[in-house]
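Only one structure is covered here, and it is reproduced in the block below.
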Amino acid sequence: MPIAHSVVSGMGGMRTAGDLVARMQFTQKMRISEAKAYVANKLKVSAQDLSDVAVMREVREELGFGVVLGIPGDPKGMEAKARIAEVLDIRINCVERLKRRGRA
Amino acid sequence: MSTYKVRAGDGRFISMTADEIRRDLIEGSEDAADRGGIPPLEENEIDRLLDLFLDQAGVVGVQIGNQVVSTQDGGDHRINADAGSCGLALAIGRIQELHLHERAFGQDTIELGHIDYSYKAVRPIVAQEQSYVEHALLTTTSPLMYGAMPNLGLYYAPDGPYANPSDLLPAGKVKEALAAQEEASLHAQRDIVYVGTRLADSGLDAMNLDTSGSAGDADFLASLNAAEELKAKRPDLGIEMGMASEFVLGMHGRLSYKGERLAGMYPHDQVRMAEAAGVDVFGPVVNTNTRRSTPWNVARAVCFVKACVQAANIPIHANVGMGVGGIPVLDTPSLDAVSRASVAMVEIARVDGL
């Protein structure tokens, strides 16, 4: 079922910018248009580019956001999320937790 | 006269003429409008739905640029759970399932959950769930949610500590039945808040209070109160509230939240309560009628959800799974039906996600 929705109407998750737009909905209660506009502005792409794998693959690699392919050395997990929090200027709970522990 | 293949509400193919499909679309929309006290779909929206069903392609999709984000319910269970949870029962670990959802299935968010999928069951093993959340957060990039249900039914005898209202009411013990629901609601609220604060302290991105209201208005009230308390204690924890049905059953009948009676609320009113509780994303549900066609069910669901979207100030992720949101009641749903409901929700109801 989720794969069907992803193919028919989904942004594509880490293939594109779906995870980033979802973060704006959960951290800022942004509706879809506002969330796309915010992320597009931060990434310096158009809102339509956010669902385009050809554009977003390069953008994600450049910004260190992590991609779906297994690329050695490419940021993954916490490393990618720390970059996402910085570029989108949002708080990501596990990144904040890591910062607190890092200072302790 | 030409006929077109569409699905019945139970998933079987049936043949209908274009006039019959249009009639069902209008009747489905009017049924929602009548029950919910909301406007029916407009003529151009009926025309768009008709185009979707007359298109005999196996799969349809939204226009480029109209894509929305997705959340889930059941999360990783769809792979390792058995068919009772519409799962595949594959022998694979929970963290691996999250990786598959994120890296292979193109999901915008990922969700972890306990196999029982009820907060009551999670409470005694929350330390175990915290460990899974912490492991998952290290190696995943997408927003990680934790999902479970308030599931108030588990708090009543013989499964829980409170007398069962379904036994008390037929015996004429109305006061006792009301009191049992009020006590169970508070107990569920405590369990949800306990689990939520512990998981938030592990770094979780968001909680999914899934299938809220399944045991009626006391169940919905437990979700609302828990969301409000969690937001006060852990404001950075995102909260999604997904509903159990289109209509809040008045199993108690007198419960209210912020001065409004919960029993009888439809999605466009439910979302106002969710917003007042601090919920970040709301998931309306519209049930499928197996005796009507998919065009009737999709039009009806879209009409309800469109009113909810218009009433909302927070993102709306419509539930469009087996037996809800216009999808046939079948645990192996057909792509032709799912894709039409998906497009209709995005391009007519204007949801923010699914």
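Sequence lines set the chain letters: A, B, ... in the order given, protein chains first and strands last, and positions in each chain run from 1.
- Among A:Glu96, A:Gln28, A:Arg91, the residue making the largest number of heavy-atom pairs under 4.5 Å with chain B is A:Arg91.
- Among B:Ser342, B:Ser70, B:Ser339, the single residue meeting the side-chain hydrogen bond (donor to acceptor under 3.5 Å, both in side chains) criterion with A:His5 is B:Ser342.
- For a residue to count as touching a neighbouring chain, one of its non-hydrogen atoms must lie under 4.5 Å from one of that chain's; by this rule B:Pro333 touches chain A with the side chain only.
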With side chain to side chain contact (heavy atoms under 4.5 Å, CB included) as the criterion, how do A:Ile90 and A:Phe26 come out once you've worked through the C-alpha distance, each side chain's angles and the decisive distance to 0.1 Å? CA-CA 11 Å; A:Ile90 57 171; A:Phe26 277 98; over 6 Å; no

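- Only the backbone of A:Val67 comes within contact range of chain B, judged by heavy atoms closer than 4.5 Å.
- In this structure, chain B has a heavy atom under 4.5 Å from the side chain of A:Ile84, while its backbone stays farther away.
- Of the charged side-chain nitrogens involved, none lies within less than 4.0 Å of a carboxylate oxygen, so that B:Glu129 and B:Arg198 do not count as a salt-bridged pair.
- Neither the backbone nor the side chain of A:Arg83 comes within contact range of chain B, judged by heavy atoms closer than 4.5 Å.
- In this structure, the portions of A:Arg23 lying under 4.5 Å from any heavy atom of chain B include both its backbone and its side chain.
- Side-chain atoms of B:Lys231 do not come within 3.5 Å of backbone N or O of B:Asp236 as any donor-acceptor pair.
- The candidate from A:Pro75, A:Pro2, A:Gly10, A:Ala35 with the greatest count of non-hydrogen atom pairs under 4.5 Å with chain B is A:Pro2.
- For the pair A:Arg97 and B:Asp201, the salt-bridge criterion is not met [side-chain N within less than 4.0 Å of a carboxylate O].
- Under the 4.5 Å side-chain criterion, counting only non-hydrogen atoms from C-beta, B:Lys306 is not in contact with B:Arg350.
- By number of non-hydrogen pairs under 4.5 angstrom with chain B, the leading residue of A:Asp19, A:Val95, A:Leu50, A:Val8 is A:Val8.
- Salt-bridge annotation for A:Asp52 and A:Arg57: absent, with no side-chain N of the basic residue lying under 4.0 Å from a carboxylate O of the acidic one.
- Per-residue heavy-atom pair counts under 4.5 Å with chain A were compared for B:Asp205, B:Thr141, B:Asn313, B:Ile110, and the maximum is reached by B:Thr141.
- Heavy atoms of A:Ala4 lying under 4.5 Å from chain B belong to its backbone as well as its side chain.
- Top candidate by heavy-atom pairs under 4.5 Å with chain A, chosen from B:Ile327, B:Val59, B:Val320, B:Val343, is B:Val320.
- Of the listed residues (B:Met345, B:Glu240, B:Gln72), the one with the most heavy-atom contacts under 4.5 Å to chain A is B:Glu240.
- Note on A:Ser9, A:Cys94, A:Ser6, A:Gly66: by heavy-atom pairs under 4.5 Å with chain B, the leading option is A:Ser9.
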